[in-house]
Amino acid sequence: MTEQEAVALFKCLADRTRLQILRTLAREDAYVELLSERLGMAPSTISFHLKKLSDVGAVSSQKAQYYTMYTLNRELFDQTMLSILQEESDEAAVQDERERLWREKVLRSFFDEDGRLRTIPAQRKKRLIVLERLAEAFECGRAYSEREVNLIIADFHDDFCTLRREMVDEHLMSREDGLYRRVE
Amino acid sequence: MEELMRELEAKVAKATQSAAALKAEDRIDDANLEKIRANVYGIFVSVLQAAAKQSSDEAERRAFFERNLERIPSGWRIARDKAEERGDTVRLVQEDVKLAALDEVEQAFRELWGAEA
């Protein structure tokens, strides 16, 4: 279910008349006239609500002799609220793409054509992006001495001490017994 | 004319009250249908007021009202037929509510004012 579909479903369900129709259909399938009689509403009003319920997939219908029988879509209602909330959001994808483009822009402005870091960003969010790029120069699972770490970072920037400490502070590298490891 | 005005105003008040009660019960779409009904009665209250301004002659006022009783809902009937063609149940019900309210207006007009013609 997309975010748009979830919004449409919840909007549709936020109506007492439609909930009454659904409760009736949860007990048994029914046709418009039967629902009209049971709920004390005009058949046209029932049809109106059934159309809205049908549009969001809450009910389905099929012709049966002279009547159109309406059925509750149990598959939809068997879903948990949590599973709906955990669906990938359209907006989340847009946000991810926006984030990716912004990261690229930050990297372009702080690294030169040779891959050297021009300057250490003052803003923490930008600094973190730069440090993440530096961390990619280290192999996962391998232990590095401080000297090795300094040499690798020095390829990017002269202030390797600051950058090394920052990588540890930001949990991109771990330090134990004088050895550094990239945090996965 | 005054009697018809009172009748239509009472219908506006009743439908408005009903819409508010339905809204309070979280029956928003049903409340909106009642609002549509109230709007139709309200339109013809306005037509009556316009008729009173148009002329002081009772027959002319009545003719003005009757003309508008024909003219105003012509678009509603077309909209209803189109909704039926498209299978647009939601719109169809809305147009039906308007036409049902119109029938009530027409009946009230015939009973309370039309007989004097």
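No experiment lies behind these values; they were computed from the predicted model shown.
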Quick check on the hydrophobic clustering: are [X] and [Y] connected, directly or via other members, by side-chain heavy-atom contacts under 4.5 Å?
X	Y	answer
B:L22	A:I46	no
A:L50	A:M69	no
B:V45	B:W76	yes
B:L92	B:L33	no
A:L39	A:Y67	no

### Summary
B:T89 and A:F48 have their tightest heavy-atom pair at CG2-N, 4.2 Å
Hey, does [Y] have a side-chain heavy atom less than 4.5 Å from the side chain of [X]?
X	Y	value
A:Q20	B:R27	yes
B:D29	A:R18	yes
A:R16	B:D30	no

#### Entry: Residue part contacting chain B, namely of A:A14, when any heavy atom lies under 4.5 Å
backbone
### Message
Please classify the contact between B:D26 and chain A as side chain, backbone, both or neither, with a heavy-atom cut-off of under 4.5 Å.
### Response
both
